[in-house]
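Source: prediction; values computed, not measured. Throughout, a chain's letter reflects where its sequence line sits, starting with A, and its residues are numbered from 1.
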Amino acid sequence: KIGVVAELTGDMPAVGASCKQAALMAVDEVNNAGGLKVGGSTYTVDLEIEDNAAKADQSALAAQKLIAQDRVLAIIGPNASLGAVPASAIAEGGRTVMITPWSTNPKTTRDMRTGRPKRYVFRACYTDTFEGHVLAMFILNQLKLKRAAVLYDVASEAPTSQSELFRRIFTEKGGVMTAFETYTTGDRDFSAQLTKIKESNPDIIFLPSYYNDVPLVVTQAKRLGVTVPFLGSDAWSSPELITLSQGTVEGYYFANHYAADIATPAAQAFIQAYKARYKALPDDVAALTYDAFGLLFQALKQVDKPEREALRNALSSISRYEGVTGNMRFQEGSGDPIKSAVILQVKNGRFVWFANANP
Amino acid sequence: MTSNSQINKSTRLTDILLEVRDLRVRYGHIEAVQGISFKILAGEIVALVGANGAGKSSILRAISGILPFGGEVLFEGQPIQRLGSAAIVALGIAQVPEGRGIFGTLTVKENLRLATWNRRDRRAITANLRHVFDLFPRLAERQRQLGGTLSGGEQQMLAIARALMTRAKLLLLDEPSMGLAPMLVHEIFRILKDINRTGTSLLLVEQNALMALKAASRGYVLETGRIVLHGTGRELADHPRVKEAYLG
Amino acid sequence: MKPWFQANNVGHHFGGLSAISGFNLELRSGELVGLIGPNGAGKTTVFNLITGVYRAAEGSIRFQGRELTGLTPWIISGLGIARTFQNIRIFKQLSVLDNVRIAHYRRTHYSLAEALLHLGRYRREERRLTRAAMEILRLLHLESYADETADSLPYGLQRRLEIGRALATGASLLLLDEPAAGMNPSEVGQLMEFIGWIRGQFNLTILLIEHQMRLVTGICERVLVLDFGVTIAEGRPNEIQNNPQVLEAYLGQAEDGGQMTDDGRQT
Amino acid sequence: MNRHWTIGLLLLAGAALSWAIPRYELLNPYLQATLMYLGINIILATSLNLINGYLGEFSVGHAGFMAVGAYASAILTVMLLPVGAAAWRFPLAIMAGGCAAALTGLVVAIPAFRTRGDYLAIVTLAFAMIVKSALENINAVGGPRGLLGIEGLSTMPWIFAWTVLSVWVIRNFVYSNPGRGVLAIREDEVAAELMGVNTRRVKIRAFMIASFFAGVAGGLFAHLLQFISPRIFDITKTTDILVMVYLGGVGSIGGSIVGASMFTVLQECLRPLGVWRMVIMPLLLVLLMLFRPRGIMGLRDFPWFRPSVECPQRPPETHPS
Amino acid sequence: MAYLFQQILNALQLGSIYALIALGYTMVYGIMTMINFAHGDIFMVGAFLCFVAATVLGLSFIPALLFSMLGCALLGVVIERLAYKPLREAPRVSAVITALGVGLMLEHLTLVFSPYPRHVPALWSSASWHVGGVTLSSLQVLIIVLSVLLMVFLDWLVRRTMLGLAIRAISWDRTVAAIMGVPVDAVISLTFAIGASLGGAAGFLYALAYPVIDPYMGVIVGWKAFIAAVVGGIGNIRGAMLGGFILGAVEILVAAFLPSTYRDLIAFALLFILLICKPYGILGQPRPQKV
Ligand SMILES: Nc1ncnc2c1ncn2[C@@H]1O[C@H](COP(=O)(O)OP(=O)(O)OP(=O)(O)O)[C@@H](O)[C@H]1O
Ligand SMILES: Nc1ncnc2c1ncn2[C@@H]1O[C@H](COP(=O)(O)OP(=O)(O)OP(=O)(O)O)[C@@H](O)[C@H]1O
Ligand SMILES: [Mg+2]
Ligand SMILES: [Mg+2]
């Protein structure tokens, strides 16, 4: 029995919906294939999905419920760090494995009081710091641009971390920050900031925003006569971006966990199956959720009995997992995976591999 | 009194303008009006007197359609208990509510204009307005003042004027003399009689029993939701029971 | 010796409208004085000025040697001036008892901390307070309603409660604004007795506004007549009643002391 | 007196249970956690009821005060009073959180009570937005990423104790003379002032008391969740508290307890409904309002809630008037 | 200079949308003295109706606008009849809380049907002109002009017509208004319809200007518009407009000339101070009350 905590309601319902869909798919695949073999006997996987309303206390309660009441073997989720951080404390306390698909906050997997990594908390994605670094280097080294502006959501953790790190690396390595502007979750008018950015005359604009804000920013920028390209983070990587933005993001780059066009067979299969089932392309949350389950299933195959402690040990000792979002294993004694990033470009309304980026 | 009845005779005294049959009003489980019947003839002034809480205001509110009630109310022979208050006003029943009910944020003129909601006859409205200002020169001076800042007497005049603007055939007056200086009370009663003389019937509710009864052609005495006495104004004014209760 | 209460040349206006001007009033302790005048003459405004609801634009008001202008209503109330309102303003959804207890507000001697933690004087004071409030209710024959919410009382009793509440502030000067409004003549008779009784019982000086002349002539020792914010006459009730100016401005010609003018004959 | 014993016994039993439940795992940790959040919600609802129910204003800034208390106490335990200090550390931190919130309450109340009704609503709303935005900009407390590494000091006995204390103190306030001043202001501010109530001071006091307990609740919350971030205290948090207050009933402490309990329990019980949970909850609220506009126990309280000295000592026979 | 002009233009666009939503709050407040917390969500429904009109029904600009406005008007009336009317005699806050509940329901019902954000296709050609460094798009002009027209119309309606008189009378005393022959229920419903249709129009224009919509889009914007209404003096039509433009200006100009990280902090602090200096809003007045 596996629990999922997702943001089904609250201010990021799309994340929750994708997570839920991918979870259902992952579990159905295993069950339809006859179940999961663990230590000789076969189990069918039960899924318990809880909503956390994108709230911190609700996440903690939901995780607590799954651990104590439903007695799940492991928890997948929550996705946003706001919920993942408190839930991780609960999982750690309840000695239950938790894999967050999407929380890039370094603190999710780290116990801030002892400074040591949490034992039971894993993630399927890389961290904010990694991404900020990769993107700063990409602009300087590959695009060879020197003047960058940043626009991000101050009320969100990941974009804030990414932007700050981006600024640090970028200026350290000789770039010029022309503007460093912010908005708040829920804002839809960015005209003031964009006008200001335009005045500062950058070569490129770093926009680590969630994909539903991106089209708004880009459209308004175009209306205001901004012509320089935008550079995005992994939060861009939903096919929805293409439909929502109606061609306005054509030619722009962003970092991602994987590239569909050069993807591994595993990834191709996932994309096909997801498309067949939900009539839509999977976004990063879906892919990462699927991988979180993949990691879990792979670890489960290695244990004798479906027990929490054994599962935890098996997970941390996975030597290589070939997932949708790339190959990964966990760092020594930590729940953070070692995985690489890719840079994608939007071309003809599709995401196309552009470059590999390693830490 | 005599002059009143003479006028009434000339305007078909026998026509029943309003007939109330077995009216009942309840608030929660208290029955404030317990089955009351009375009638008003065209051109009459009828007084309804009774102590505090006897149910006088409740009767008027019921007739105006702002309180649900049991029983029947016929206006010019037509049952009106199913009509909404707007329709009742359109038929020609206007009320001067207890406490005057002046719209504080509207000017005097706007207060008057609002009362013509149901009327489309522009020209008649203008004439009506002029007539009302003739009756109450004080209001003419204060057309632009906000209703809320008028003094009590002025507000009472405005309330009556406003009711007249609906071009009512029947005016329900709820304690028009309350809180007014003696001189103004006389003034108001004089104006009411003037209004009556032009053919409007009045149903007058008053604490000030003797004054009301003397102005009225007929009267009813109400005690805790029931009619206990009725007769001509003069009869009632001299009735020992009334004297005892209202002269102290 | 300074007068007990003195209003000196008080004036106030709303916008351009002069509601009160050059108003003078002296009260001796224990007096019962009436304030009459046409609607809009400024009577209620006088009350509002005395109690600090409005701040007088001109003049001074002194009570027991203390200047009142500029003080807030709650301080003035604490000095011993209480009032009732032209439209009843009791605390409708509170119990009758609480209405009276609130009026003891300034005379409760425990601190906020004592109240929050139920320490020290709280219990003793609270008992004393409740007893005092019940005593007032008993005197006004309201004690059987103590637990009811105030708005469930009949109108007449609400008026009485309002007076009771004013008494509970421990006032020595009581201002009554049209206490007989909406009462029929027999009730007015009872009210007159009642006012006389509380005056003796609580040692009060009373200033009252009223339109019902029967009450004014029946109990007031002195009457002040206002018109358009100016005092037009002052004197004993019977003097006032025959004052031509008052007749013209206020009473009307055919005045008989009561209000039961026979209108039928006039038309 | 009899009543006193019953209440005392109940409290004692509650205290014993709050100690025994986590000790012997009488309930699973999920139910324990739910109970603890319930306690915090009760404090929040009762304290907001003081302003919105008893004082008759409409404050929508409660989450802001909660945030102030949460951050203040968390900063104390995380940064200023590091691990290892004595047992009084936690109550001290919570008190400090409450005081910080109360002081903020004072700063807001002094200018805010120049306005009334819906204007006060906006002033408090603006205040809540300012708090959130300010916290997002202070990197020392984690900015938007929130403050981590808070110890889980909010244990069941502590939360029980604080809940009882808060409810008791607010109840004492309401049934004291200053509290009656608050009620009088709700009913008729002008008349209250003329009865000698210093309306300004009374309002500010009530507001400070309410913010104090919001701060206490915030402190407990921070040490229960072990993580706080500005987003936790956004407008939806206030909305939740408002719902608890009005569900239970304005002007009723018992009502707030009932409302907070119903809200917390319903929110957990309706989990199987998934997204529909969030449709059903407001629907229930709307239906309740339609049938009981003042909430479940609006303006009434359990009789055993009133202090005994507060009840009138009736003369043996009542005589008619 | 061009920079300042550009920012002022930005402020006008944002402000006119705030103003349009603020009007809806103020209309309802003006007649019922009730904060209609569901209004932000009616605005959201307006945006979704725009989406439906443009994609499912394939309507063009004018019909789509009417569709949004009428749909919202209908929704407003239904909500009023079902949820607020039974509470006429209840304490004022009950209706306010009910409104809060209705708003939450609208959000989550929409969420059930559309958890993902939607893109609204362009119904209006997005030509833009460059005048001396200032970029002016036709959409901007459309939004500002249409909003101002609606506002002027509404102002006229409330100030000069019988309907406006009735609205003001009902807000003072419903019962007496009924006695004067005003069909109170009908006027209240009509007011809700007008307020909601303005919300619908705002949602429509918003969806064109910011073409990604989701079920929670009304929450923040709604609260902000409500603030705007109060800052202007709630219940006052002109106040709502003024408040909307002030809020738009404050938000844009603070971000334009100060670090945008502090935008909310400074913007709300300014409004806080403004309200404290003008406790009844800029154009608002306390109800005259006689003691
Ligand atoms: N809204 C109400 N709710 C409950 N009871 C009411 C309500 N209005 C009136 N009553 C009760 O109904 C009875 C009759 O009231 P009504 O106002 O009709 O009396 P009235 O004769 O007009 O008295 P008054 O001389 O005071 O105006 C009274 O006992 C009163 O308490
Ligand atoms: N708050 C106010 N704003 C404007 N004008 C006012 C205000 N209060 C009173 N007035 C005006 O001041 C004058 C005096 O009013 P006041 O209430 O003192 O009269 P009053 O003598 O008590 O009359 P009544 O016998 O009708 O109660 C009136 O013309 C009134 O319209
Ligand atoms: Mg009456
Ligand atoms: Mg007066």
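- When heavy atoms are compared at a cutoff of 4.5 Å, D/I280 does not approach chain E at all.
- Separating the CH2 atom in E/W223 from the CG atom in D/D234 is a distance of 11.0 Å, to the nearest 0.5 Å.
- Only the side chain of E/V93 comes within less than 4.5 Å of a heavy atom of chain D; its backbone N, CA, C and O stay farther away.
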* Working for side chain to side chain contact (heavy atoms under 4.5 Å, CB included), residues D/V243 and E/I97 -> CA-CA 7 Å; D/V243 171; E/I97 295 299; 5.7 Å; no

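- Nearest heavy-atom pair, E/S94 versus D/P293, reported as atom, atom and distance to 0.1 Å: OG-O, 2.6 Å.
- Proximity of a side-chain donor or acceptor of D/N137 to a complementary backbone N or O of E/T261 within less than 3.5 Å is detected.
- Scanning both residues, E/G101 and D/L285, for their nearest heavy atoms gives CA-CD2, 4.1 Å.
- With respect to chain E, the highest number of heavy-atom pairs below 4.5 Å among D/L125, D/V60, D/T236, D/V275 belongs to D/L125.
- For E/Y84, no part lies under 4.5 angstrom from a heavy atom of chain D.
- Counting heavy-atom pairs under 4.5 Å between each of E/L106, E/L82, E/I220, E/L109 and chain D puts E/L109 at the top.
- Distance check, rounded to the nearest 0.5 Å: CG of E/L100 to OG1 of D/T238 gives 10.5 Å.
- Highest contact tally toward chain E, considering only D/M289, D/M281, D/E136, is held by D/M289 [criterion: heavy-atom pairs under 4.5 Å].
- For E/V231, no part sits under 4.5 Å from any heavy atom of chain D, backbone or side chain.
- Heavy-atom minimum distance, D/R294 versus E/P91: NH1-CG, 3.4 Å.
- For E/R263, no part lies under 4.5 angstrom from a heavy atom of chain D.
- For the atom pair CE (D/M278) and CD (E/E107), the distance works out to 9.5 Å, reported to the nearest 0.5 Å.
- Annotation for E/H108 and D/V279: closest pair CB-CG2, 3.5 Å, computed over non-hydrogen atoms.
- Note: E/K85 NZ to D/L290 CG = 12.5 Å, rounded to the nearest 0.5 Å.
- Here the closest non-hydrogen pair linking E/F272 and D/A126 is CD1-CB, 4.1 Å.
- At a 4.5 Å heavy-atom cutoff, E/L271 makes no contact with chain D through either its backbone or its side chain.
- Of the atoms belonging to E/L265, heavy atoms from both backbone and side chain fall under 4.5 Å from chain D.
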